[in-house]
Novice: 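Take this structure first; my questions come after.
Computed from heavy atoms alone, side chains included, the values below leave out hydrogens, waters and symmetry copies.
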Amino acid sequence: VATSEGIGSIARCLEKSKLELSALVNNAGLIEPIAKVADVSIDQWRRLLEVNVTSVVALTQRLMPALRKNRACVVNVSSEAAGISLHGWSAYCSSKAALNMLTMTMAIEEPGITMLAIGPGTVDTEMHHLIRNSKEGAMNPRRPRNAQAALFGGKTAAAPKEISGRFYPWDAPEIAEYLE
């Protein structure tokens, strides 16, 4: 999803399917580089921002006509790391903070679309294997790998405008009824 070709492919698949787009879940994300700011590779930093932030803008833009038409819901997968500083995680934390601000801004710019940023919590994924194996920190997953899929089921599309434009951790009571 971080390339024009990938985004075009997604859009063409949706157009061919003739399905109504009721929700978009932007879930692509990178954790690396895990390094102090003084030591981080700028090329890796740019790649992370390309995947974690710019691809969200590009895909949402490309699908905007359908999102508007269907008064859809956009879920940007964020992280509680957006609001805290973690040693060695400057790129990741910054990208998720940017994603939260993007979600808030899009909610104002596109009032007919519900925009949510949701932090799925610590889930046993490949990303968390990288974290546990890095020298900069370790986390123990609170939920199994398949738990994240349940956060973004069919009910998410029904999320009301009243909760739009904000970040919610996965267990926030405001979104509980819209998650499976």
Side-chain angles (χ1 to χ4, degrees), residues 1-14 23-64 67 74-110 115-152 165-172:
V1 296
T3 66
S4 297
E5 296 80 23
I7 289 168
S9 177
I10 292 167
R12 285 188 298 280
C13 284
L14 283 170
L24 169 63
V25 178
N26 290 305
N27 189 35
L30 297 176
I31 185 73
E32 292 181 305
I34 301 174
K36 295 183 346 185
V37 172
D39 302 328
V40 72
S41 156
I42 293 302
D43 288 338
Q44 283 186 312
W45 181 284
R46 283 188 183 113
R47 175 72 178 141
L48 179 137
L49 289 175
E50 184 70 29
V51 172
N52 292 9
V53 182
T54 306
S55 70
V56 171
V57 174
L59 183 59
T60 305
Q61 263 184 350
R62 179 71 186 264
L63 300 177
M64 192 60 76
L67 294 168
V74 174
V75 176
N76 294 321
V77 179
S78 186
S79 171
E80 292 177 52
I84 59 175
S85 56
L86 297 165
H87 188 271
W89 287 32
S90 58
Y92 184 77
C93 293
S94 298
S95 74
K96 293 304 181 175
L99 186 63
N100 289 354
M101 186 54 68
L102 177 65
T103 302
M104 289 187 274
T105 303
M106 287 191 304
I108 293 167
E109 294 176 351
E110 298 293 336
M115 304 281 186
L116 303 174
I118 297 177
T122 307
V123 180
D124 187 17
T125 63
E126 293 303 316
M127 182 182 288
H128 284 95
H129 289 278
L130 289 169
I131 294 166
R132 284 192 301 278
N133 293 326
S134 79
K135 63 181 179 188
E136 295 296 335
M139 299 175 78
N140 293 314
R142 294 189 307 232
R143 297 187 343 257
R145 179 183 304 267
N146 63 352
Q148 187 168 341
L151 292 177
F152 309 113
R166 291 185 285 243
F167 168 80
Y168 298 95
W170 68 275
D171 56 354

Novice: Once you round to the nearest 0.5 Å, how far does NZ of K96 lie from CE of M101?
Specialist: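 CE of M101 is found 15.5 Å from NZ of K96.
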Novice: Enter the distance from N76:CG to T60:OG1 here, rounded to the nearest 0.5 Å.
Specialist: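 Taking CG in N76 and OG1 in T60, the distance rounds to 6.0 Å.
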Novice: Using 0.5 Å steps for rounding, measure from the OG1 atom of T105 to the CG atom of N100.
Specialist: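 Here the interatomic distance stands at 10.5 Å.
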Novice: Which pair of heavy atoms, one from E80 and one from P169, lies closest together, and at what distance?
Specialist: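 That closest heavy-atom pairing would be OE2-CB, 3.6 Å.
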Novice: Is there a donor-acceptor contact under 3.5 Å from the side chain of R62 to the main chain of A58?
Specialist: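 Absent.
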Novice: For the pair H87 and K36, evaluate side-chain contact (heavy atoms from CB on, under 4.5 Å) and give the outcome as yes or no after the intermediate values.
Specialist: CA-CA 7 Å; H87 188 271; K36 295 183 346 185; 3.6 Å; yes
Novice: Can you name the nearest heavy-atom pair linking A98 to V53, along with the distance?
Specialist: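 Scanning both residues, the minimum pair turns out to be CB-CG2, 4.1 Å.
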Novice: Would you name the heavy atoms of A81 and L86 that are closest together and state the gap between them?
Specialist: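 Result for this residue pair: CB-CD1, 4.1 Å.
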Novice: If you measure from CZ on R46 to OG on S41, what distance do you get to the nearest 0.5 Å?
Specialist: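 Going from the CZ atom of R46 to the OG atom of S41 covers 9.0 Å.
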Novice: If we only count heavy atoms from C-beta on, is the W45 to S90 side-chain gap below 4.5 Å?
Specialist: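 A side-chain contact exists here, since the closest heavy-atom pair is under 4.5 Å.
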Novice: CD1/I10 to CD/E5 distance, rounded to the nearest 0.5 angstrom?
Specialist: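 Spacing of CD1 (I10) from CD (E5) equals 12.0 Å.
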Novice: Is there side-chain contact between I34 and W89, with heavy atoms separated by less than 4.5 Å?
Specialist: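 They are in side-chain contact.
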Novice: Using every non-hydrogen atom in the two residues, find where V1 and S55 come nearest and quote the distance to one decimal.
Specialist: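 The pair with the smallest heavy-atom distance is O-CB, 3.2 Å.
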Novice: For A2 and E50, work out which heavy atoms get closest and say how close.
Specialist: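 Scanning both residues completely, I find the closest heavy atoms to be O-OE2, 3.5 Å.
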Novice: Can any side-chain N or O of S94 pair as donor or acceptor with the backbone N or O of A91 at less than 3.5 Å?
Specialist: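 The answer is no, because no donor-acceptor pair under 3.5 Å joins these two groups.
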Novice: Any heavy-atom pair between the side chains of D39 and V37 that's under 4.5 Å?
Specialist: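 When only atoms from C-beta onward are counted, D39 and V37 do not touch, as no gap falls below 4.5 Å.
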Novice: Taking side chain as C-beta onward, heavy atoms only, is V75 less than 4.5 Å from L24?
Specialist: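 Counting from C-beta outward, V75 and L24 never come under 4.5 Å.
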Novice: Does the side-chain contact (heavy atoms from CB on, under 4.5 Å) test come out yes or no for M64 and E110, once each step is laid out?
Specialist: CA-CA 9 Å; M64 192 60 76; E110 298 293 336; 3.8 Å; yes
Novice: Any non-hydrogen side-chain atom of E32 less than 4.5 Å from a side-chain atom of L48?
Specialist: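 A side-chain contact under 4.5 Å is absent here.
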Novice: For a side chain to side chain contact (heavy atoms under 4.5 Å, CB included) with N26, tell me which candidate from L99, V77, V74 qualifies.
Specialist: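 Answer to the side chain to side chain contact (heavy atoms under 4.5 Å, CB included) test with N26 among L99, V77, V74: V74.
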Novice: Tell me, do L116 and Y168 make a side-chain contact under 4.5 Å, heavy atoms counted?
Specialist: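 When only atoms from C-beta onward are counted, Y168 and L116 do touch, with a gap below 4.5 Å.
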Novice: Once you round to the nearest 0.5 Å, how far does OG of S9 lie from CG of L14?
Specialist: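 Output value for this atom pair is 9.5 Å.
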Novice: Which heavy-atom pair separates F167 from I118 by the least distance, and what is that distance?
Specialist: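 Reported closest heavy-atom pair: CE1-C, 4.0 Å.
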